[in-house]
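Step one of this worksheet: look at the structure below.
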Amino acid sequence: MPERYIAFDVETPNFANNRMSAIGISVIENNRIIKEFFSLINPEAHFDAFNVELTGISQEMVMDAPTFPEFWAVLEPVFSSGILVAHNAPFDMSVLAKCLAAYGIDWKDIADYTCTCQIGRRCCPGLPNHRLNTMCQHFGIPLTHHQADSDSRACAQLMLQYLKSGMDISKFRRRYSLSQIKTIPKKEAAAWLK
């Protein structure tokens with residue numbers, strides 16, 4: 001049975017990167033995007049001017065948005081249904097882990113993920129860098145950068161490019177300890193998979 005991938009992207013309100021101000025999700029099944037979600041999130045935290053400038057999301061915009069625990073009821077079944085995917089995934093995984101910890105939400109200790117940036121480095125070594133905007137320009141994927149819905153859709157479209165190329169995506173699968181807020185080293189992860 002083909003894998004189900006949950007491409008996601010988060011925006012954060014400040015330099016602490018421990019809360020979300022927005023999340024975008026694109027679900028891949030049978031080599032196509034079957035569902036997309038987007039929500040502003042009230043981070044219940046201050047906003048830095050840099051983040052407001054970068055994302056276009058301000059304190060006023062999220063006043064009536066759900067908090068992370070309120071949105072988790074929607075998010076959890078989706079996140080539990082497949083392998084998480086993000087571009088520069090350790091960042092998005094760490095924000096997720098920190099949000100779960102901050103609100104005392106018990107999900108699971110280990111989550112499987114893959115990173116489209118890491119795959120891009122292997123797939124397209126000649127590019128000047130492997131940032132999301134560079135990868136999207138290379139593959140002709142539309143992108144409005146630092147908007148969670150556009151970023152998650154672009155990440156999903158990159159994943160589809162890699163899947164259609166016949167690349168062995170399983171080589172890039174990693175395990176993330178949500179309680180320790182870090183990727184589990186490959187040797188340890190191999191023991192978990194046995």
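Basis for what follows: all heavy atoms, side chains included, without hydrogens, waters or symmetry-related copies.
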With side chain to side chain contact (heavy atoms under 4.5 Å, CB included) as the criterion, how do F68 and I23 come out once you've worked through the C-alpha distance, each side chain's angles and the decisive distance to 0.1 Å? CA-CA 10 Å; F68 181 80; I23 187 166; over 6 Å; no
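- With salt bridges taken as basic N to acidic carboxylate O contacts below 4.0 Å, none links D112 and R174.
- In this structure the side chain of V27 reaches within 4.5 angstrom of the side chain of V78, judged on heavy atoms.
- Counting non-hydrogen atoms of neighbouring residues, nucleotides and ligands closer than 6.0 angstrom, the NZ atom of K35 reaches no more than 12 such neighbours.
- Here the side chains of T134 and Q137 are not in contact, with every heavy-atom distance at 4.5 Å or above.
- The main-chain N or O of H46 is found under 3.5 Å from a side-chain atom of N14 such that the two form a donor-acceptor pair.
- M167 belongs to a hydrophobic cluster whose remaining members, ordered by chain and number, are Y5, I28, I33, I83, V85, I119, L127, L132, M135, F139, I141, L143, L158, M159, L160, Y162, L163, I169, F172; membership requires side-chain heavy atoms of ILVMFWY residues under 4.5 Å apart, directly or through intermediates.
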Evaluate the criterion side chain to side chain contact (heavy atoms under 4.5 Å, CB included) for residue pair F8 and F37; output intermediate values, then yes/no. CA-CA 9 Å; F8 77 108; F37 303 82; over 6 Å; no
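- You'll find the side chain of Q161 stays beyond 4.5 Å of the side chain of S165, heavy atoms only.
- A donor-acceptor pair under 3.5 Å links the side-chain atoms of R19 to the main chain of P43, judged by distance alone.
- Atom CG of L84 and atom CG of L96 lie 7.0 Å apart (nearest 0.5 Å).
- One finds the CZ atom of R173 at 15.0 Å from the SG atom of C115 (value rounded to the nearest 0.5 Å).
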List the steps and the verdict of side chain to side chain contact (heavy atoms under 4.5 Å, CB included) for I110 and L178. CA-CA 6 Å; I110 306 293; L178 294 164; over 6 Å; no
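- Looking at heavy atoms from C-beta onward, N18 lies out of side-chain contact with C99 at the 4.5 angstrom threshold.
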